[in-house]
Amino acid sequence: MSAATGPRTDDLPASAQVVIVGAGIIGCFVGAELARAGAEVCVVDRAGPAAGSSSSGEGNLLASDKLPGPDLAFALESLSRWRRLGEELFARIEYREKGGLVVARTEQDWQALSELAERQRRQGLEARPLEGEELWALEPLLDRSVRGAYFYPGDAQVQPMLAVRALVAAIRRHGGRVVAGAEVRAAERGRGGELTALLTTRGRVAVGTHVVNAAGAWAGALSGLLGCPIPVSPRRGHVLVTEPVGSVTEHKVYESGYLGSVHDGDGEGSVSAVVESTAAGTMLLGSSREFVGFERSPSLPVMRAIAARAIALFPGLAGVRLMRGYVGFRPATPDRLPVLGADERAPSVLHATGHEGAGVGLAPATAAAIADLVLGRAPGVDVGAFSAARFAGQAAR
Amino acid sequence: MRELVVVGGGPAGMAAAAAAARLGVDVTIVDAAERLGGQYYRQPRVGAAPGRRAAHGLPARYSRLEAEVEVLAGWGVWRAEAEGRQVTLQLVSQQDERPARLSAAAVVLAPGATELALPFPGWDLPGVTTAGAAQALLKGQGQLLGRRVLVGGSGPFLLPVAAALARGGATVVAVVEAAPPRRLAGVAASLAGHPGTLAQALGYLGTLARRRVPLLPGSAVVACEGEGRVERAVIAEVDQGLSARAGGRRLVPVDAVCVSFGFVPRLELVRQLVEPKGELPAGVFLAGEVTGVGGAKVAEHEGALAGAAAAAHLGHRPSRREERAARLLRLRLRHAERLAATLRRAFAPGGGWTGWLEPETLVCRCEDVPFSALAEAVAEGATTARAVRGVTRCGMGYCQGRTCGPALQLAIASLSGADPEEVGDLQSRPVALPLPLGAVAVEPPELAPGAPHR
């Protein structure tokens, strides 16, 4: 076979109705939603599709780790949209509704988890308490000293790089463009101060009606260029990958302490165990949260802590080989909630960022909300709680 | 804390250790293998019966090395970090997978290279290996891969392997060298100024000529066939870009095929040390193939210079005589490096080999990724090795791209027309070799000096 086909990177158009900055899971989901609805879409990325955080996470679609209120409501909406994408696509993107298991190690953790889970259940999230034999039956290899757990059957997983690949294909199928190697360097403004074009490293693209800020962990810097700074900063995480093994667990299993580290605004350098298997048979171990800028060199103490905590949950992991590790950067906001929708300081800009570790899960609902705003449709998803206005005066850390 | 740790016990590492020890440095060599020598001076395995086919072992100049320096054999280095004036290496025992730590005021990294294996239809059949694997089997265990062996690929390494197999009792069916005759003539001419290398090459050629082993330049093994094991090799003429010419394929009966297209430096530990600050930390020195593949002679010169540089960094001043020796060594290195550069150019594989592949030819054997999957990903716009790995799983398996990574990089370059540098490699690995999570989870003790190593 002589496949002398060149790579497919679209040319930057002279103009586009909607320019989306960032070809990660969020930008591509928004792009596909808009392109399908007939909008003229151009997604630009400084590297390429899924080159940033979308390729350095675990592909979680979780409701179990969301706090009752707008956070959980948005997650439930988004997960139901994932579920509706259909079997044909699921096989291609390794979508699995594997279920999540949140484990409480101590009596105190168990009380806190039970209280949280009951509140989540009242908001419509399915969760089931498990103790003793019932728990060991579901997770035979789990350490017997844990107090109890809640099982969340709706938690799911996808392979985000495959998902982005499918979305890029959909954008192109509907006439949109995905331009790699185009980093936004400046914004051009008209007489009234309105945003008219973006200047990228691949040239200029005139903006029709909207610019979507889907730059993920880099969205803080981009929002400054667009004239509407929002406090989004990179919160680093480590993932360890083991050799392929048989099923240590079929679910995503994490310590209830994880909830604390997700929602704790200042929790620096915190590590809590997250253990799960992938379709390929490898185990993914997390998780850590640190504010260290875009430092790519992994931390040995963090790797050590992740390994130790994973072994504490599943003692059998001690003999399983670590094969590789990577770090990724979550787009974090001060209150751990996303920034979605219009910004009164720059009327043509729509933010779609700040999802921290939940971007893959929250992508469909985010895309629906942004598409409604672009197309002037009645909003199908409520994103009022996620407005940029709540950060007035706050800078990124 | 050790004074100087040399990572790698091959030609570069041994030369570095010997040079630094001569200047009064306390040296420790750490190597994953159970004996010194590396790939080039591979010694028979401990306990292996000394056979006529076995390797010659270490050259005389290193016969006292084990007495002069501390040798930690059988320890792999999985991570290297620098902080302040100290480099810390994380080790794992290759015998019992116990972790340990080794810290040093200076480090010479001489981890060597791995073979470049380019896939072709049938390369995963039993009986097909790399040339290096065939040689390691012979040197380390005195065993032959097969009786009728075909040696193929490209580069100066094919000759010693073919000669060793022939001397070891195999019938070498042919040596199939991809470089065209014109380029080989150029290489021969450039050997004029290197009498030692020339004599070596003539020695190998003589061994092969006496046994009437045909040398087929401008050709390549483009496929292997057989039921459950290799039985036939398909040889085709190739142009200088490695594209097979139309027609003229021949089937050669064989029971083993070994193929090598040269070497790729092992960069994991270097990357781990460079990544945090974007530069090599003070007190870390590189030697051998890791600085660019140049063969054993270049590696030894570089090793000796790196050992001396590390000694100077540690405050051991060389005498005038030693300074003169270093100057001479630098001249020798420059001379040897010129030949190495000529050889790298002459034997660099073109991208035409992707044309030998069938859509279903596996490129990644850990994850069963066929060539068609790579071609599809590239056609969709994935341009880097990392991006293609993400959507195809090529290089995501147990070997982590140590086998298929270089081929993946070259295949993407060939398919997209991009430069291999832009495509990037898969060598940024926070974990340089697999080890049990239980060994990662603990803060291991510093390996005590003088402790039994095995």
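Values reported hereafter were calculated over all heavy atoms of this structure, with side chains retained and with hydrogens, waters and symmetry mates removed.
- Heavy-atom minimum distance, B:Pro430 versus A:Gly325: CG-O, 3.2 Å.
- When the candidates B:Glu275, B:Glu367, B:Glu81 are compared by the number of heavy-atom contacts under 4.5 Å with chain A, B:Glu81 comes out ahead.
- When all heavy atoms of A:Arg304 and B:Pro444 are compared, the pair lying nearest together is NH2-CD, 3.3 Å.
- Taking a 6.0 Å sphere around CZ of B:Arg249, one finds it holds 12 or fewer heavy atoms contributed by other residues, nucleotides or ligands.
- Looking at heavy atoms from C-beta onward, B:Arg429 lies out of side-chain contact with A:Arg324 at the 4.5 angstrom threshold.
- Residues A:Leu300 and B:Val440 have side chains not in contact (no heavy-atom distance under 4.5 Å, counting atoms from C-beta outward).
- Proximity to chain A involves both the backbone and the side chain of B:Ala377, based on heavy atoms less than 4.5 angstrom apart.
- When only modelled atom types and interatomic distance are considered, B:Ser428 and A:Arg296 share no side-chain donor-acceptor pair under 3.5 Å.
- Residues of residues 83-94 of chain B placed with any heavy atom under 4.5 Å of a heavy atom in chain A are listed by number as B:Gln90.
- Counting only heavy atoms from C-beta outward, the side chains of A:Glu243 and B:Pro436 never approach each other to under 4.5 Å.
- When every heavy atom of A:Ser55 is checked against every heavy atom of B:Arg386, the shortest pair comes out as OG-NH2, 3.3 Å.
- Of all heavy-atom pairs between B:Leu437 and A:Leu322, the closest is CD2-CB, 4.1 Å.
- Looking at A:Leu317, the atoms closer than 4.5 Å to chain B (heavy atoms on both sides) sit in the backbone and in the side chain alike.
- Considering only residues two or more places apart in sequence or on other chains, B:Gln272 meets the side-chain hydrogen bond (donor to acceptor under 3.5 Å, both in side chains) condition with none of them.
- Neither the backbone nor the side chain of A:Ala50 comes within less than 4.5 Å of any heavy atom in chain B.
- Contacts of B:Glu97 classified as salt bridge (Lys or Arg N to Asp or Glu O under 4.0 Å), with partners at least two apart in sequence or in another chain: A:Arg321.
- No part of A:Pro49 comes within reach of chain B, as not one of its non-hydrogen atoms sits under 4.5 angstrom from that chain.
- Between the CZ atom in B:Arg393 and the OG1 atom in A:Thr278 there is a gap of 5.5 Å [rounded to 0.5 Å].
- In this structure, B:Val431 and A:Met303 have side chains that are in contact, with non-hydrogen atoms separated by less than 4.5 Å.
- The side-chain hydrogen bond (donor to acceptor under 3.5 Å, both in side chains) search around A:Arg165 returns B:Glu380, not counting sequence neighbours.
- For the pair B:Arg79 and A:Ser297, the tightest heavy-atom approach, listed with the atom from each and the gap, is NH2-OG, 4.0 Å.
- Contact annotation for B:Glu360: neither backbone nor side-chain heavy atoms come within less than 4.5 Å of a heavy atom of chain A.
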